[in-house]
Amino acid sequence: MREGNRGCILIVDEIYVKASIAYRGGQLFEYVGDCPGKIATTLLAENVTDNMGICALHWPQDTPLNSYGVPTLPPSLFPNVPASFIPSTSAATPRTTKKASFEARNVSADEMEAFNKLDKLDSSTFLDTLRERMKDIDVLVVPNDHNVMLPGLTTLRKVTRAARNLEDEKLFRSVFSQMREGNRGCILIVDEIYVKASIAYRGGQLFGYAADYPGKIATTLLCVMAKCFFGSKSFLVKLIPCHALKADFQFQIVQDVIAMLESCGANVFGIITDNNRVNQAFFKSFTVPDVSKPWIAQSPIASERPLFLIYDPVHLFKNLRNSWITEKTKSLDFPIGPTVKTARWSDLIEIYNQEKDSLLKLSSLTHASLFPNNIEKQKVSLAIEVFSEKTSAALKTCSISTDSCKETSVFLDEVVRLWKVFNSKSPFQKSRHRDPDRAIIDLTSSGEHQLDTLRKWAERAKQMEPTSRPRVRALTQDTAQALHWTCQCLCDVSNYLLTTDSPFRHSYVAPGFFQQDDIEQHFGHFRMSAGCNFYITAAEVAHTHAIDRAKLMLYHELETPDLTASSHSCHMCKKALTDGEILLIDDLSEEVAKLSSDEKMSIHHIGGYLVFKENLPADTSPSHPQSVSSYTECLDRGGLKHPPDELYKESLLH
């Protein structure tokens with residue numbers, strides 16, 4: 001430095017660091033200098049070198065150091081370290097062999113290059129192999145000339161838009177016209193899915209406003225799904241955004257759906273929903289011919305045909321567990337023949353505490369199944385861990401089993417037997433599991449045994465209904481009434497389908513058909529399509545539903561619009577615009593008029609920057625109003641530019 005530059009000032013400050021000890025680069029960063037034995041929390045620049053050094057407890061005294069005083073070897077003085085782990089300071093003995101090439105070391109030739117050639121599969125070989133394997137299946141058609149053209153993104157958007165705009169009657173009339181007459185019988189599954197309250201603009205449409213309260217944002221979507229008899233595909237019929245769903249609004253929507261499906265050739269025999277208060281009032285809105293059987297309503301279209309109203313058995317199965325754990329004493333009284341027994345939740349907790357630390361367990365109980373949070377209460381798998389044969393057997397045979405445990409196990413056995421009836425979906429489950437309780441319902445003795453189980457539980461549910469408030473060792477009133485309702489309804493719908501003379505007669509009835517599983521799986525499909533997100537929006541659901549409608553339309557070979565036709569053309573451009581782009585262009589003049597004077601001044605200023613940055617010709621005499629350029633003129637010191645009129649007007653449109 002020159003002599004004048006050698007004058008300086010010192011800047012002293014602290015920087016906070018994490019209190020820790022670290023070994024890096026042969027040095028230990030550890031204790032503070034002014035308080036020996038304490039770990040440093042700050043570093044003062046002038047004392048840094050005083051607190052760093054070589055630890056004599058981990059390096060021997062003759063450790064070699066480099067020119068900076070840093071050990072060249074890692075620390076080696078540790079307790080119980082073998083001598084072979086300590087690095088040697090002597091020079092290594094040089095090798096006698098010389099370097100050799102890969103070919104010289106291996107007698108056989110390198111096989112990698114040949115393998116890479118075989119690993120590549122040309123398109124013709126791939127299509128030939130695909131055609132050979134799929135020759136007996138009519139779903140896939142591969143042309144012989146190997147020219148397979150996949151649709152582009154624009155084509156897929158046109159198909160989805162066509163499916164979204166396709167009338168429901170035309171779509172579902174085509175669906176039911178391709179079914180056998182017996183398959184046209186169906187039930188409706190009605191449920192809600194919660195969505196994030198938001199408004200989105202996509203494809204020229206606004207998504208998010210509620211249909212029941214116009215002007216308010218939807219928080220749920222009312223979904224109506226058709227599930228057809230004899231294994232036909234289930235499909236979503238209606239999506240209605242709702243803000244606060246009421247029973248009368250739901251009743252009107254479902255009535256319109258039934259009328260539309262009946263006009264398309266379907267025959268609606270029942271409705272399935274959960275047993276919340278809105279759905280209870282919704283079921284009471286139907287006309288009932290026999291007051292003693294409120295679960296058999298009159299069809300709004302064909303008065304001679306019954307309409308069975310069913311509460312979802314899966315929800316009732318979870319409600320049994322929830323009613324048990326929410327009762328004040330966590331106990332339930334249940335009748336078994338002429339006697340009344342008591343099931344106690346504390347017996348399950350005692351069994352769980354007994355074996356929770358053991359590797360071998362008798363029961364299937366977990367902490368989540370015994371102490372579920374609000375989300376876990378919705379999981380069927382956790383309810384099955386409580387109502388399982390293993391848990392019942394553990395209560396009967398464990399070392400701490402008592403008379404109370406045995407009574408609880410009897411209750412579990414009865415609920416497990418009911419669940420097997422509810423969940424029977426195949427005539428082969430009985431033989432596969434060697435369990436007569438898994439039989440389907442038919443006109444044989446095994447079918448009568450299943451109906452008898454449902455009738456017993458219908459009577460038991462009435463006896464477990466609370467007689468006082470707060471309820472004492474009883475189910476909630478909603479659960480007890482819904483359980484009685486559903487057990488009786490399943491008996492009546494089974495008898496009807498087994499004995500009717502119509503084309504919808506069944507040789508057997510699987511009670512597992514009458515569940516909401518299909519629509520719950522469809523809700524999972526919505527959430528997966530939205531990026532595995534639980535809190536989805538109405539726009540995301542509508543977009544996925546449009547894709548599903550397009551698949552249904554193509555599967556049933558409905559006539560698709562001309563995908564090559566341009567939706568917009570003029571002498572100025574040849575670009576095919578979408579409906580949303582056309583709508584946006586039509587509204588541009590109105591949107592520009594909505595811009596405030598401050599926004600116009602900002603756009604003018606940014607346009608001037610573009611002129612300067614891109615070296616564009618500036619406008620020396622702009623025709624736009626003086627108020628627009630006043631902000632730029634206020635900042636101008638001789639170098640700012642004004643945008644030409646064409647650039648300014650185009651910037652307003654963007």
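- A side-chain donor-acceptor contact under 3.5 Å links Thr500 and Ser502.
- Ring geometry for Phe286 versus Phe251: interplanar angle over 60°, hence perpendicular rather than tilted (30 to 60°).
- A cation-pi contact, defined as under 6.0 Å to the ring centre and within 45° of the axis, links Arg305 to Phe269.
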Report task. Could you give me the CA-CA distance, side-chain angles and deciding distance for Ser331 and Thr342, then say whether side chain to side chain donor-acceptor pair (under 3.5 Å) is met? Result -> CA-CA 7 Å; Ser331 302; Thr342 302; over 6 Å; no
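- Phe235 is not listed as a side-chain neighbour of Lys551, based on a closest heavy-atom distance of 4.5 Å or more.
- A 6.0 Å sphere centred on NZ of Lys456 holds no more than 12 heavy atoms belonging to other residues, nucleotides or ligands.
- In this structure, the side chains of His449 and Leu451 stay at 4.5 Å or more apart for every pair of heavy atoms.
- For the 3.5 Å distance criterion, the side chains of His525 and Asp548 qualify, holding a donor opposite an acceptor.
- Other residues, nucleotides and ligands contribute only 12 or fewer heavy atoms inside 6.0 Å of the CZ atom of Arg469.
- Taking the six-membered ring wherever Trp is involved, the centroid distance between the rings of Phe317 and Phe422 does not fall below 6.0 Å.
- Within a 6.0 Å sphere centred on CG of Asn373, heavy atoms belonging to other residues, nucleotides or ligands number more than 12.
- Counting all heavy atoms, side chain and backbone alike, Leu309 lies closest to Ala297 at CD1-CB, 3.9 Å.
- In this structure a side-chain-to-backbone donor-acceptor pair under 3.5 Å is present from Ser285 to Ala281.
- Side-chain atoms of Val288 and Trp295, non-hydrogen and from C-beta on, never get closer than 4.5 Å to each other.
- Counting heavy atoms from C-beta outward, Leu222 and Gln250 have side chains that approach closer than 4.5 Å.
- A cation-pi geometry, defined here as NZ or CZ lying under 6.0 Å from the six-membered ring centre and within 45° of its normal, does not hold between Arg184 and Phe176.
- Rounding to the nearest 0.5 Å gives a distance of 4.5 Å between CG of Leu239 and NE2 of His545.
- A parallel orientation is assigned to the rings of Phe387 and Trp324, their planes being inclined by less than 30° (bins at 30° and 60°).
- Relative to the six-membered ring of Tyr213, Lys216 meets both conditions, a distance below 6.0 Å and an angle of at most 45° to the axis.
- Both the sub-6.0 Å distance and the 45° axial angle are satisfied by Lys227 relative to the ring of Phe513.
- Not less than 6.0 angstrom separates the ring centroid of Phe504 from the ring centroid of Phe230.
- Lys361 places a side-chain N or O within donor-acceptor distance of the main-chain N or O of Glu355, the cut-off being under 3.5 Å.
- A donor-acceptor contact shorter than 3.5 Å links the side chain of Thr339 to the backbone of Ile336.
- By the 6.0 Å contact criterion, NZ on Lys396 is enclosed, its count of non-hydrogen atoms from other residues, nucleotides or ligands being greater than 12.
- For Gln178, the CD atom counts as densely surrounded, since its 6.0 Å shell holds more than 12 non-hydrogen atoms of other residues, nucleotides or ligands.
- Contact annotation: the side chain of Pro372 approaches that of Ile325 to within less than 4.5 Å [non-hydrogen atoms, C-beta and beyond].
- Checking each of Asp191, Asp274, Asp312, Ile271 against Asn279 for a side-chain contact (heavy atoms from CB on, under 4.5 Å) leaves exactly one that passes, namely Asp274.
- When each of Ile351, Leu348, Leu395 is checked for a side-chain contact (heavy atoms from CB on, under 4.5 Å) with Ser363, only Ile351 meets the rule.
- Side-chain N/O atoms of Thr537 and Ser198 include no donor and acceptor closer than 3.5 Å.
- In this structure, the separation between CG on Leu236 and CG on Leu221 is 9.5 Å, given to the nearest 0.5 Å.
- Between Phe514 and Phe308, a ring centre-to-centre spacing not shorter than 6.0 Å is recorded.
- To the nearest 0.5 Å, atom CG of residue Leu418 and atom OG1 of residue Thr453 are 8.0 Å apart.
- How far CG of Leu316 is from CD of Gln515: 10.5 Å, rounded to the nearest 0.5 Å.
- For Glu262 (side chain) and Ala302 (main-chain N/O), no donor-acceptor pair under 3.5 Å exists by modelled atom type.
- Enclosure of atom NE2 in His506 by more than 12 non-hydrogen atoms of other residues, nucleotides or ligands within 6.0 angstrom is indicated.
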**Report entry** Step-by-step side chain to side chain donor-acceptor pair (under 3.5 Å) determination, Gln252 to Asp256
**Finding:** CA-CA 6 Å; Gln252 185 61 47; Asp256 294 342; 3.1 Å; yes
Query raised in the report: Step by step, would you call Thr467 with Glu465 a side chain to side chain donor-acceptor pair (under 3.5 Å)?
Result: CA-CA 7 Å; Thr467 57; Glu465 192 173 343; over 6 Å; no
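- No donor-acceptor distance shorter than 3.5 angstrom exists from the side chain of Thr544 to the backbone of Ser529, with no hydrogens or angles considered.
- A donor-acceptor pair under 3.5 Å is absent between the side-chain atoms of His243 and the main chain of Ala210, judged by distance alone.
- Of the N and O atoms on the side chains of Asp442 and Thr444, at least one donor lies less than 3.5 Å from an acceptor on the other residue.
- Remark: the backbone N or O of Ser323 is paired with a side-chain donor or acceptor of Arg471 at under 3.5 angstrom.
- Of the inter-residue distances, the one linking Leu245 atom CG with Glu192 atom CD reads 4.5 Å to the nearest 0.5 angstrom.
- By the 6.0 Å contact criterion, CZ on Phe371 is enclosed, its count of non-hydrogen atoms from other residues, nucleotides or ligands being greater than 12.
- More than 12 heavy atoms of other shown residues, nucleotides or ligands fall within 6.0 angstrom of atom NZ in Lys318.
- At distances below 3.5 Å, not a single donor-acceptor pair connects side-chain atoms of Asn423 with backbone N or O atoms of Trp419.
- Note: Leu443 CG to Ser446 OG = 10.0 Å, rounded to the nearest 0.5 Å.
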Requested in this report: Start with the C-alpha gap between Ser404 and Thr402, add the side-chain angles, then the distance that decides, and say whether side chain to side chain donor-acceptor pair (under 3.5 Å) holds.
Outcome: CA-CA 5 Å; Ser404 174; Thr402 60; 4.8 Å; no
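- Minimum heavy-atom separation, Ile400 to Cys405: O-SG, 4.3 Å.
- A heavy-atom distance below 4.5 Å is found between the side chains of Val314 and Asp517.
- In this pair, Trp485 and Phe283 present their aromatic rings parallel. The plane angle is below 30°, not in the 30 to 60° band.
- Under a 3.5 Å cut-off, the side chain of Gln298 and the backbone N or O of Ser303 do not form any donor-acceptor pair.
- Here the side chain of Asn319 pairs a donor or acceptor atom with the backbone of His315 at under 3.5 angstrom.
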